[in-house]
Amino acid sequence: MNRSFRPETTSHPAPQAERRALVQAAAAVAAVALLPAAALGAAGPSGPAAVAQAFARAFNARDLDALMVLYPAGSVFVPAPGQALVSPVAVRQALEGFLAIGLPIEMAVRHVYEAGDTALLVVDWAIRGVGADGRPVDMRGPATDVVARSPVGHWHYRIDNPFGGFQPTP
């Protein structure tokens, strides 16, 4: 959103303290408008299983920004067996690669093991069909994911391991 703010001018300048309060209020409103919705507590998964559901919704909508909200700084994404990514740039690029396949994902949460603000999810997932490149795709697996509750109460990935049941190839 790139909107410029133009306050109305009056013929009578406000007293200095009043002007300062107005400027501070405008700055606070502008700062809040720039925050992602998840930072404001307005959106975000409300339980461990909801993280997988939010992932599927964002993936199927091809909403990379919504996917990235699920991976705060320090999260790990494992796009291939044995390949752990921590950098938000690398995570974003890997997710872009999955989105480029051009097919929806199906996800079913099989188990949730919750311990306080941390939970382990076991999720069955599949991406099947004819990809954007015209080749058949049959990707699936049992994901093992660690999710955590943020200070505002929303859940997100700490470790997203979609190939949790597979061994890395040598």
Side-chain angles (χ1 to χ4, degrees), residues 1-2 33-170:
M1 220 189 278
N2 195 8
L34 296 174
L35 288 173
L40 298 173
S46 59
V51 176
Q53 295 160 350
F55 181 95
R57 275 192 310 277
F59 188 95
N60 292 339
R62 305 288 183 257
D63 190 341
L64 186 57
D65 291 332
L67 285 170
M68 289 303 297
V69 168
L70 299 172
Y71 297 87
S75 296
V76 175
F77 179 55
V78 184
Q83 180 186 0
L85 304 176
V86 178
S87 156
V89 171
V91 170
R92 186 176 190 90
Q93 289 172 341
L95 289 170
E96 283 176 330
F98 281 100
L99 290 175
I101 295 169
L103 293 169
I105 192 168
E106 299 169 15
M107 297 178 77
V109 177
R110 189 181 341 156
H111 299 290
V112 176
Y113 303 104
E114 193 172 341
D117 290 340
T118 306
L120 174 67
L121 304 179
V122 178
V123 180
D124 296 314
W125 65 273
I127 300 174
R128 292 180 248 198
V130 177
D133 62 1
R135 292 189 288 181
V137 174
D138 187 10
M139 299 173 65
R140 58 185 136 168
T144 53
D145 299 327
V146 177
V147 296
R149 186 181 2 240
S150 73
V152 295
H154 297 141
W155 290 79
H156 59 270
Y157 287 112
R158 292 302 297 146
I159 303 170
D160 180 6
N161 186 10
F163 298 98
F166 297 102
Q167 294 296 319
T169 54

key: Where Ala148 and Arg158 come nearest, the two heavy atoms and their spacing   = CB-CG, 3.4 Å
Compile the donor-acceptor pairs under 3.5 Å between side chains in residues 73-85 and protein atoms, sequence neighbours left out, one pair per line.
{"from": "Ser75", "atom 1": "OG", "to": "Pro72", "atom 2": "O", "distance (Å)": "2.8"}
{"from": "Ser75", "atom 1": "OG", "to": "Tyr157", "atom 2": "O", "distance (Å)": "2.7"}

message = Please check this pair: side chain of Trp125 against backbone of Met107, looking for a donor-acceptor N/O pair closer than 3.5 Å.
response = no
message = Restricting to non-hydrogen atoms, name the atom on His156 and the atom on His154 that form the minimum distance, rounded to 0.1 Å.
response = ND1-O, 3.9 Å
task = Quick one: closest heavy-atom pair of Leu95 and Met68, and the distance?
result = CD1-SD, 3.8 Å
message = Using side-chain heavy atoms (C-beta onward) and a distance below 4.5 Å, is Arg128 in contact with Leu103?
response = no
Under 3.5 Å donor-acceptor pairs involving side-chain atoms of residues 113-123, not counting sequence neighbours:
{"from": "Tyr113", "atom 1": "OH", "to": "His111", "atom 2": "ND1", "distance (Å)": "3.4"}
{"from": "Asp117", "atom 1": "OD1", "to": "Arg149", "atom 2": "NE", "distance (Å)": "2.8"}
{"from": "Asp117", "atom 1": "OD1", "to": "Arg149", "atom 2": "NH2", "distance (Å)": "3.0"}

note = Per side-chain contact (heavy atoms from CB on, under 4.5 Å), Val146 is matched among Asp160, Ile159, Asn161 by Ile159
request  = State, yes or no, whether a side-chain contact exists between Arg62 and Leu67 at a heavy-atom distance under 4.5 Å.
outcome  = no
Validation: residues 47-60 side-chain donor-acceptor distances under 3.5 Å, sequence neighbours left out:
{"from": "Asn60", "atom 1": "OD1", "to": "Ile105", "atom 2": "N", "distance (Å)": "2.7"}
{"from": "Asn60", "atom 1": "ND2", "to": "Ala56", "atom 2": "O", "distance (Å)": "3.3"}
{"from": "Asn60", "atom 1": "ND2", "to": "Ile105", "atom 2": "O", "distance (Å)": "3.1"}

query = When rounded to the nearest 0.5 angstrom, what distance separates CG in Leu99 from CG in Leu64?
reply = 6.0 Å
Verdict with reasoning, Arg140 to Asp124, per side chain to side chain contact (heavy atoms under 4.5 Å, CB included) = CA-CA 7 Å; Arg140 58 185 136 168; Asp124 296 314; over 6 Å; no
